[in-house]
Amino acid sequence: MCLAIPMRITQMEGDDAVVEAGGIKKKVRLDLLDGVVEGDYILIHTGYAIEKLDKAEALETLELIKQVYRAGMTHDPESGSGS
Amino acid sequence: MDEKFFDSFHDPVIAGPLAERLSSLETSRPLTLMHVCGTHEHSLAKAGIRSMLPPGLRLVAGPGCPVCVCPASDISLAIQAARLPGVILTTFGDMFRVPSGDTTLELLKAEGADVRVVYSPLDALSIAMDEPEREVVFMAVGFETTIAPIAAAIRTVSVSNFSVITSLRVVPPALKFLLERSEGVLDGFILPGHVSIVLGREGYSFLEDAGIPGVIAGFEPVDMLHGILELVRMVEAGPPFETANLYKRVVTEEGNRKARELIDGVFEVSDSNWRGIGSIPGSGLRLRAEFSRFDAVEKMNLSPDPNAVDVMPGCICHKVILGEAESEDCPLFGTGCTPRMPVGPCMVSSEGTCRARYQYRQV
Ligand code: SF4
């Protein structure tokens with residue numbers, strides 16, 4: 001029930017937005033967030049965006065894990081298309 | 001490409017070394033850690049992380065599944081409402097099969113009641129807009145993460161045929177209760193990632209005051225492994241403890257203030273009953289007076305069934321959600337109680353501990 005899903009905003013109008021992940025499109029509400037823009041990744045829960053995903057923080061966490069646990073990477077996260 | 005990037009958190013190449021580190025971990029004394037999130041339990045079971053735990057490290061599942069802790073008396077309200085003529089009862093899918101007395105919402109539906117599963121409170125609202133001559137009741141169950149969307153939806157209601165039965169609970173008072181009850185047995189908490197989105201890291205300052213370490217963790221295997229490893233490191237290093245935020249990609253220091261304001265605007269704090277646990281002071285939320293027109297209990301004069309049984313004979317769900325027993329300790333687990341024929345709520349909900357353990361059990 002609490003399974004929140006990360007999706008990317010492809011369209012927005014006021015507090016209504018269309019989000020997409022893996023080719024699946026959904027209509028969601030943005031009432032719980034300020035300052036989101038198209039292209040942002042957000043977590044969706046029961047039809048509402050509950051938070052924005054922060055790519056820089058994600059990178060930092062991965063970097064930390066990599067250093068502490070010498071964990072490998074299958075791909076370089078920096079090589080993403082960027083947003 | 002970007003989507004792939006967030007996938008790194010379930011990349012086995014990254015998770016592998018963490019898993020190795022976990023299974024070879026040596027602790028100076030036996031430790032018991034608790035998580036309080038149904039989604040964490042699901043992830044742990046799915047990734048088989050429990051089987052990687054070294055001897056001496058116990059990871060118990062606390063009362064983190066909102067469906068499992070919803071008392072039978074609350075469900076009895078939904079059942080009463082669903083039996084009234086003209087009512088459409090809506091709720092999340094997980095509530096559909098939770099028993100109350102000798103029935104469930106699913107059975108009622110089979111008997112002809114109009115019970116509909118919705119994914120979002122907005123779906124319930126749009127049914128109310130489409131069918132103005134019917135009363136649409138939404139059985140609202142959840143913790144902070146779900147309460148915020150429910151509050152937002154209630155604020156937008158413009159119809160008079162929509163009301164809610166609330167069975168909403170907040171996590172911090174439950175953590176305090178668990179700490180007191182466990183009398184030093186718990187060494188640390190893995191804090192629920194999505195609830196933490198609303199509360200922020202600051203929302204756990206009471207844990208620091210209580211001198212117990214906690215880590216906020218996400219749900220991918222890398223998140224879970226990282227969380228357990230870091231929590232053990234903190235316990236071993238000793239006090240003072242500062243709650244660690246390992247889920248910074250979505251959880252901030254101050255949390256989602258807008259969500260909290262919406263919740264506070266619509267609901268006020270109340271005491272609340274947790275199935276199998278009893279009343280926890282200040283752990284519930286009820287509609288504020290200015291929103292009482294949406295209170296289905298008042299509107300339809302519903303009264304909870306005083307005889308609704310929370311713990312079915314033989315079920316030890318109440319001990320499982322307190323971390324005092326494992327699902328596998330239950331004699332009914334996998335025999336008299338399965339997801340198809342659940343006895344207790346822990347087997348019904350996809351986030352229930354028994355269900356997760358059953359689904360991903362080693363055969
Ligand atoms: S296996 Fe079924 S009966 Fe046993 S504790 Fe879990 S839910 Fe209850």
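In what follows, every chain begins at residue 1, and chains take the letters A, B, ... in the order their sequences are listed.
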I'd like to check [X] versus [Y] (side-chain heavy atoms, cut-off strictly below 4.5 Å). Are they in contact?
X: Leu229(B); Y: Val68(A); answer: no
X: Tyr119(B); Y: Lys26(A); answer: yes
X: Leu225(B); Y: Tyr69(A); answer: no
X: Thr146(B); Y: His45(A); answer: yes
X: His226(B); Y: Leu64(A); answer: yes

Looking at [X] and [Y], what are the two nearest heavy atoms and their distance?
X: Gly47(A); Y: Leu122(B); result: O-CD1, 4.2 Å
X: Ile197(B); Y: Ile50(A); result: CG2-O, 3.5 Å
X: Lys258(B); Y: Leu33(A); result: NZ-O, 3.4 Å
X: Tyr48(A); Y: Pro149(B); result: CD1-CB, 3.3 Å

Proximal component of [X], with respect to chain A [non-hydrogen, under 4.5 Å]:
X: Ser43(B); answer: neither
X: Ala153(B); answer: both
X: Leu246(B); answer: backbone

Next on the checklist: Given heavy-atom pairs under 4.5 angstrom as the criterion, report whether the side chain, backbone, both or neither of Ile42(A) touches chain B.
Outcome noted: neither
Next on the checklist: Can a donor-acceptor pair be found, under 3.5 Å and without considering hydrogens, that links the side chain of Thr46(A) to the backbone of Ser120(B)?
Outcome noted: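 A pair under 3.5 Å: no.
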[atom1] of [X] to [atom2] of [Y]: how many Å apart, nearest 0.5 Å?
X: Lys52(A); Y: Thr252(B); atom1: NZ; atom2: OG1; answer: 11.0 Å
X: Asn256(B); Y: Leu32(A); atom1: CG; atom2: CG; answer: 6.0 Å
X: Leu43(A); Y: Arg249(B); atom1: CG; atom2: CZ; answer: 8.5 Å
X: Glu20(B); Y: Arg70(A); atom1: CD; atom2: CZ; answer: 11.0 Å

Next on the checklist: Run Asp31(A) and Arg155(B) through side-chain contact (heavy atoms from CB on, under 4.5 Å) and show every step you take.
Outcome noted: CA-CA 10 Å; Asp31(A) 308 43; Arg155(B) 292 212 81 113; over 6 Å; no
Next on the checklist: With chain A as the partner, which of Ala152(B), Ala148(B), Ala259(B), Pro121(B) has the greatest number of non-hydrogen pairs under 4.5 Å?
Outcome noted: Ala152(B)
Checklist entry - If you count the non-hydrogen atoms of other residues, nucleotides and ligands that lie under 6.0 Å from CD in Glu253(B), is the total more than 12? => result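 For Glu253(B), atom CD is crowded (more than 12 foreign heavy atoms under 6.0 Å).
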